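Everything on this sheet refers to the single structure shown next.
What you see is a predicted model, and the numbers here were worked out from it, not measured in a lab. We number each residue from 1, following the sequence as shown.
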Amino acid sequence: MSEPKILGQFQLEHRTIQVSGDDGNAGTVWLRRVHPDPPMALGCVVELDSSTPRLRLYRAEWPDALREQAKEQTLAIWRSARP
């Protein structure tokens, strides 16, 4: 199995977050903080192709507004990567 393709990245407060997946075709993408160091897997957004995508974070405790912003930014990147 190949590594997921990097679809894009966005800024969220002081973080730079990278979004990766399989060319935007699957309903799941993975989030990874690439700045500040050290890089860290943050979680994923699942069910992107549904009306209620879900952000699943591994460890981060973010307020609801920040979670929603991360989900919306991720959705925009995923949609732009779709064929």
Side-chain angles (χ1 to χ4, degrees):
M1 186 169 151
S2 64
E3 287 288 314
K5 176 182 176 184
I6 296 170
L7 303 177
Q9 64 182 26
F10 62 93
Q11 292 295 127
L12 187 64
E13 292 184 334
H14 63 281
R15 305 164 191 89
T16 301
I17 298 174
Q18 186 177 74
V19 179
S20 60
D22 298 322
D23 296 314
N25 290 324
T28 301
V29 293
W30 291 267
L31 305 178
R32 178 175 176 81
R33 186 188 73 204
V34 293
H35 180 80
D37 282 335
M40 175 187 295
L42 295 175
C44 60
V45 178
V46 298
E47 302 175 26
L48 286 163
D49 47 359
S50 76
S51 60
T52 56
R54 298 169 194 237
L55 173 64
R56 295 189 176 161
L57 298 174
Y58 299 138
R59 290 178 290 253
E61 295 296 328
W62 293 350
D64 290 344
L66 202 56
R67 293 174 67 88
E68 190 62 30
Q69 187 179 356
K71 186 168 65 171
E72 291 303 318
Q73 296 260 5
T74 300
L75 279 167
I77 289 170
W78 179 74
R79 287 181 182 129
S80 69
R82 295 184 78 185

### Message
Just to verify, what does E13 make a salt bridge (Lys or Arg N to Asp or Glu O under 4.0 Å) with, not counting sequence neighbours?
### Response
R15
### Query
Can you name the closest pair of heavy atoms from V29 and G21 and give their distance?
CG1-CA, 4.3 Å
### Query
What closest approach, in Å, do C44 and W30 show between heavy atoms, and which atom pair accounts for it?
CB-CD1, 4.0 Å
### Query
Taking all atoms of both residues into account, what is the closest heavy-atom pair of I77 and S80, and its distance?
O-OG, 2.9 Å
### Query
For Q11, does the CD atom have more than 12 heavy-atom neighbours from other residues, nucleotides or ligands under 6.0 Å away?
yes
### Message
Hydrophobic clusters here meaning ILVMFWY residues chained together by side-chain heavy-atom distances under 4.5 Å, can you tell me if I6 and F10 are in one?
### Response
no
### Query
Counting only N and O atoms by type, is there a donor-acceptor contact under 3.5 Å from the side chain of R67 to the main-chain atoms of R56?
no
### Residue pair A70 / W62: nearest heavy atoms and the distance that separates them
CB-CZ3, 3.8 Å
### Query
Linking I/L/V/M/F/W/Y whenever any side-chain heavy atoms sit under 4.5 Å apart, do V34 and L42 land together?
no
### Query
Under the salt bridge (Lys or Arg N to Asp or Glu O under 4.0 Å) test, which residues partner E68, sequence neighbours left out?
K71
### Query
L48, L12: one ILVMFWY side-chain cluster at the under-4.5 Å cut-off?
yes
### Query
How far apart are the closest heavy atoms of P39 and R32, and which atoms are they?
CB-NH2, 3.3 Å
### Message
Can you tell me how far apart CG (L31) and OH (Y58) are? Round to the nearest 0.5 Å.
### Response
8.5 Å
### Query
When rounded to the nearest 0.5 angstrom, what is the spacing between CD in Q9 and OG1 in T74?
12.0 Å
### Query
Going only through I, L, V, M, F, W and Y residues with side-chain contacts under 4.5 Å, is there a path from V19 to L75?
yes
### Task
Identify the two heavy atoms, one from T52 and one from E47, that lie closest to each other, and give their separation to 0.1 Å.
O-OE1, 3.9 Å
